[in-house]
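Take a look at the structure set out below.
Note that this is a predicted model, so its numbers are computed, not measured. Residue numbering restarts at 1 for every chain, and letters A, B, ... go by the order of the sequence lines.
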Amino acid sequence: MYALVDAVAFYASAEKVFDPSIRRKPVVVLTNNDGCICAVCPIARKLAIPKFQPYFQVKQYLFDHQVVIRSSNYELYADLSERMMNVIGRFCDNQHIYSIDESFLNFNGFNPLITDWYRYGHTIRRTVWRETKLPVGVGFGPTATLAKAANHAAKKLPGFDGVAVIDSESSRVNILRAMDIQDVWGVGKRLAKKLKLMNINTALDLAQQDPRKMKRLFSVVLERTVNELCGKRCLSWDDVRQDKKEIFSTRSFGERVTDPITLKTALINHSAIVARKLRAQGSLTQRLLIFVASSPHQQGYYKKSYIYEFNIATADSRVFANAISEVFEQLYKPNVLFYKCGVGALELTSHMFQQPDLFQASIDNPKLMQCLDKINARFGIGTLAIASETSSADWHMKREYLSPHYTTRWYNLPKIHC
DNA sequence: TCTGGGGTCCTAGGACCC
DNA sequence: TCTGGGGTCCTAGGACCC
């Protein structure tokens with residue numbers, strides 16, 4: 001049995017934890033640079049506010065309905081996420097954190113000890129609420145995809161109180177029948193449209209298709225989804241928590257950038273983030289994609305990228321920084337209003353099998369990087385960095401409605417007035 | 001006045017080679 | 001004279017997720 005536990009509108013709920021005054025109000029959270037809406041609390045959901053719409057397009061509507069607006073406060077969310085995951089992790093010895101607010105639990109092995117999944121789910125939910133003040137939904141199912149479906153039912157369908165269990169043919173059919181095809185894990189807007197043309201409208205309709213036919217008409221991915229919906233496990237636990245095949249760090253600027261030093265520093269910062277993530281999963285990269293771009297929404301769209309090939313696979317922040325310095329001239333163009341830039345590691349390999357270059361010395365130094373990671377893990381990311389990263393900037397990220405960092409900065413400690 | 005997220009994986013189609 | 005296959009690698013863009 002698998003479970004999927006995730007928070008209800010995580011960012012919006014996180015905003016409510018330390019600010020009870022907005023708990024009963026509609027709240028939405030914006031993405032970086034206050035670009036789009038990325039989280040809508042259940043109260044705001046009733047106002048039919050669409051996710052991922054550009055903020056400026058709905059600004060007036062939000063104002064008219066007195067919706068509370070918050071900029072993304074990742075420092076707060078990351079900390080609350082960690083607390084929430086720790087609580088959830090106590091309920092299963094095999095937890096996989098899938099995203100900032102979702103984790104899979106794998107109960108295969110000690111199933112017999114739990115007799116009532118529904119009750120167990122509620123215990124999880126109650127405990128997380130009591131200890132973190134974050135509302136979560138819990139879905140159980142024999143496959144990862146069914147656990148996802150149950151989780152969806154738990155939060156969205158009437159008659160479920162935050163917990164749903166698929167442990168029988170009837171519960172499976174009932175939940176899938178009430179689920180729109182578009183809400184199935186792995187079926188997006190486009191696929192949903194095509195499937196609906198074939199009169200496949202619900203998750204149950206999809207589950208009843210011939211998997212081989214779906215493979216032929218669409219892809220292996222959809223074939224797998226059909227099987228998973230029928231309770232046939234195609235995504236093993238190892239698949240669910242497979243290492244990433246590529247790792248990116250990209251960001252748009254709050255204000256357009258023209259200055260080469262600023263752009264280069266931003267790129268080196270992204271590369272440092274990529275390097276850290278690579279080391280965290282024990283990977284090295286053979287090639288680094290470095291790109292810069294102006295806004296695609298404006299005239300004269302400029303986009304340029306460079307793929308840097310290393311002699312030996314690496315995850316050394318200094319090697320990355322050198323690579324960027326080396327090729328930066330070829331990316332930069334004067335008078336371009338840069339809107340976005342980023343770095344991505346492609347072709348990852350394991351650090352267990354690093355192949356050295358016989359003829360070329362490298363400054364690659366895993367031990368030094370390990371030391372850097374340890375210091376930063378203990379004293380906070382950014383405590384130790386390479387010189388070319390230096391900058392206080394969030395790249396002037398636009399965050400007009402930022403809440404305090406309640407849990408990670410002393411001067412932001414919440415105050416209680418008696 | 002102007003404003004438009006971030007991350008990962010997959011795939012179709014082109015270039016190149018034999 | 002004209003036509004013709006199959007494999008690998010690369011890349012941009014699409015699809016999906018949150």
Side-chain angles (χ1 to χ4, degrees), chain A residues 4 6-14 28-40 50-60 71-72 74 77-78 81 97-103 137 144-145 148 151-152 155 181-195 215 218-225 235 239-256 270 273-274 277-278 281 283 285-287 289 291 293-299 301 303-307 309 337 339-348 395-400:
Chain A
L4 179 68
D6 76 347
V8 177
F10 179 56
Y11 294 172
S13 298
V28 301
V29 179
L30 308 178
T31 57
N32 283 329
N33 295 314
D34 295 343
C36 297
I37 290 173
C38 69
V40 181
K51 240 184 174 184
F52 300 112
Q53 182 147 31
Y55 168 56
F56 74 93
Q57 289 175 1
V58 286
K59 203 170 179 175
Q60 189 61 44
S71 302
S72 284
Y74 285 105
Y77 309 151
S81 168
I97 295 172
Y98 177 72
S99 74
I100 194 163
D101 78 318
E102 284 176 285
S103 64
T145 307
K148 262 272 193 189
N151 176 281
H152 178 265
K155 294 191 301 183
I181 187 75
Q182 161 102 60
D183 295 326
V184 174
W185 193 31
V187 177
K189 219 174 177 173
R190 223 183 118 95
L191 253 182
K193 203 172 157 190
K194 287 184 186 168
L195 290 169
K215 180 183 179 179
F218 298 97
S219 69
V220 284
V221 183
L222 194 63
E223 179 195 30
R224 202 177 58 198
T225 302
L235 279 167
D239 294 330
V240 172
R241 38 172 209 176
Q242 219 174 31
D243 278 350
K244 302 216 184 326
K245 294 174 181 168
E246 54 184 52
I247 291 175
F248 274 74
S249 175
T250 71
R251 197 116 312 167
S252 46
F253 299 106
E255 292 163 19
R256 305 288 188 261
H270 286 304
I273 292 168
V274 169
K277 288 185 176 175
L278 282 171
Q281 80 163 26
S283 293
T285 184
Q286 195 72 50
R287 333 168 66 196
L289 172 72
F291 79 90
S294 69
S295 169
H297 304 293
Q298 278 168 1
Q299 282 206 329
Y301 183 38
K303 185 174 179 182
K304 190 125 194 225
S305 62
Y306 191 101
I307 292 183
E309 308 251 357
L337 299 172
Y339 160 76
K340 189 173 183 172
C341 72
V343 169
L346 314 168
E347 260 175 57
L348 308 193
W395 314 116
H396 321 290
M397 211 199 287
K398 196 172 153 194
R399 294 196 291 187
E400 268 184 62

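A/Ser249 is linked by a side-chain hydrogen bond (donor to acceptor under 3.5 Å, both in side chains) to A/His270, counting only residues two or more places apart in sequence or in another chain. For A/Ser294, the side-chain hydrogen bond (donor to acceptor under 3.5 Å, both in side chains) criterion is met by no residue, not counting sequence neighbours. Every residue was checked against the side-chain hydrogen bond (donor to acceptor under 3.5 Å, both in side chains) condition with A/Ser81, not counting sequence neighbours, and none meets it. Taking A/Ser99 as the reference, A/Asp101, A/Glu102 meet the side-chain hydrogen bond (donor to acceptor under 3.5 Å, both in side chains) condition, with sequence neighbours excluded.
Contacts of A/Ser295 with the nucleic acid, taken as non-hydrogen atoms under 4.0 Å apart, are absent. Within the nucleic acid shown, A/Gln53 has no heavy atom closer than 4.0 Å to any nucleic acid atom. At the heavy-atom level, A/Val187 lies under 4.0 Å from the strands shown only through sugar-phosphate atoms. Contacts of A/Tyr339 with the nucleic acid, taken as non-hydrogen atoms under 4.0 Å apart, involve only primed sugar atoms and P, OP1 or OP2. Within 4.0 Å (heavy atoms only), A/Val184 reaches sugar-phosphate atoms of the nucleic acid but no base atom. A/Asp101 comes within 4.0 angstrom of sugar-phosphate atoms only, judged by non-hydrogen atoms across all strands, and of no base. Among the protein residues, A/Ile100 comes within range of no part of the nucleic acid, since none of its heavy atoms lies under 4.0 Å from any strand. Within 4.0 Å (heavy atoms only), A/Gly342 reaches no atom of the nucleic acid at all. In this structure, A/Ile247 reaches the sugar-phosphate backbone alone: every heavy-atom distance under 4.0 Å involves primed, P, OP1 or OP2 atoms, never a base. Residue A/Lys189 is in sugar-phosphate contact alone, with no base atom involved, counting any heavy-atom pair closer than 4.0 Å across all strands shown.
When the options A/Thr31, A/Asn33, A/Asn32 are evaluated for a side chain to side chain donor-acceptor pair (under 3.5 Å) with A/Ser252, the one that passes is A/Asn33. For the side chain to side chain donor-acceptor pair (under 3.5 Å) with A/Glu347, the qualifying choice from A/Lys245, A/Arg287, A/Gln286 is A/Arg287, the only one to do so.
Protein chain A contacts DNA chain B from B/dT3 to B/dC10, reading 5' to 3' and using non-hydrogen atoms of the protein with a distance under 4.0 Å.
Across all their heavy atoms, A/Val274 and A/Phe248 have their closest contact at CG2-C, 4.0 Å.
Take the nearest nucleotide of DNA chain B for A/Arg256 and for A/Ser249: the residue whose nucleotide is more 5' is A/Arg256. Taking the nucleotide of DNA chain B with the nearest heavy atom to each of A/Cys36 and A/Asp243, the more 5' of the two is matched to A/Cys36.
Spacing between C/dG4 and B/dC18 at atom C1', rounded to whole Å, works out to 14 Å.
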Dot-bracket for DNA chain C, 5' to 3', counting Watson-Crick or G-U wobble pairs under 3.5 Å, with [ ] for crossing pairs and | for inter-strand pairs? ....||||||||||||||
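The aromatic rings of A/Tyr77 and A/Tyr11 sit parallel to each other, their planes meeting at less than 30°, with 60° as the upper class boundary.
At least one donor-acceptor pair closer than 3.5 Å links the side chain of A/Asn151 to the backbone N or O of A/Gly137.
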